[in-house]
Structure formats: C-alpha cells, structure tokens
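For reference, the structure is listed below as structure tokens.
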Amino acid sequence: MFNIYAGDRLATFMGYLSDVPAGGYTVFPFVGAYVKPQKGSVVFWWNMDKNGGYDNLVKHGGCPVMIGSKWITNKWIRSNSQMFRRPCPRYSNREIRGFRENSKHQ
C-alpha cells in the first residue's frame with residue numbers, strides 16, 4: 001500500500017462498471033459486510049485510521065464471478081497529496097500512555 005512518491009493509501013473509491021448476474025461480491029470479512037456489484041454503484045472506505053495507521057478492519061477481497069464478468073475502476077487517494085489538507089493526528093492521553101508503555105518493551 002505504500003508508494004514512496006504518492007504515500008500511503010488514505011482512502012479507496014471503487015466503482016462497478018458492469019452488472020454481474022452471479023457472484024463477484026466484494027467482501028469485508030472483519031466487519032461482516034459485502035457489496036453486490038451493480039453497474040453505476042460505488043463503494044468508498046478509509047484505509048487509514050484517524051491517527052494515520054492502517055485500518056486492518058477494511059481488508060477486503062473479491063468473490064469469484066460465477067456468471068458474466070466483473071469490471072471495476074479504482075481511485076486511490078494517497079496521503080502525500082493530502083499532506084497540507086489533512087490535520088495532524090490528535091492523540092488522547094490514554095493513547096499517549098499506551099505508546100509509552102509499548103515502547104518500554106521494545
């Protein structure tokens with residue numbers, strides 16, 4: 001997900017360009033969600049959390065297409081293009097204590 005020039009993938013915008021009669025769902029197993037591919041529909045999700053870390057809950061995959069074909073388009077919004085638009089992360093006191101505690105064990 002990291003690109004040295006463009007930065008990390010901040011968000012993903014995925015559009016479906018074709019209808020799929022059977023199969024081809026996009027699934028997000030860690031949140032229990034799925035999307036049926038329908039021509040003209042779009043899905044948007046954040047790849048990073050509010051503090052700039054990876055959000056592992058949005059790991060996803062495509063199910064096999066049983067009938068027809070699946071055509072999609074993606075637009076990845078990268079962090080470096082948002083460098084001066086996105087505010088710096090704000091950490092709670094609890095999160096800061098957690099960072100300190102975790103660094104003692106490394």
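Contact of the D19 side chain with the Q38 side chain is registered, since non-hydrogen atoms from C-beta on lie closer than 4.5 Å. Between T26 and K70 the shortest side-chain heavy-atom distance falls below 4.5 Å.
The number of heavy atoms from other shown groups lying within 6.0 Å of NZ (K75) does not exceed 12.
Members clustered with Y34: Y25, V27, by chain and number, using a 4.5 Å side-chain heavy-atom cutoff among hydrophobic residues. Residue F28 shares its hydrophobic cluster (ILVMFWY side chains chained together at separations under 4.5 Å) with M14, Y16, F30, V31, V35, V43, W45, L57, V58, I72. Taking Ile, Leu, Val, Met, Phe, Trp and Tyr as hydrophobic and joining them when side-chain heavy atoms fall under 4.5 Å apart, one finds L17 in a cluster with W71.
G68 approaches P21 most closely through the heavy-atom pair CA-CD, 4.3 Å. The two residues G24 and P37 come nearest to each other via the heavy atoms O-CG, 3.4 Å.
Taking CG of N47 as the reference point, atom CG of L10 lies at 7.5 Å (rounded to 0.5 Å).
Qualifying side-chain contact (heavy atoms from CB on, under 4.5 Å) partners for F44, counting only residues two or more places apart in sequence or in other chains: A11, F13, W46, I77.
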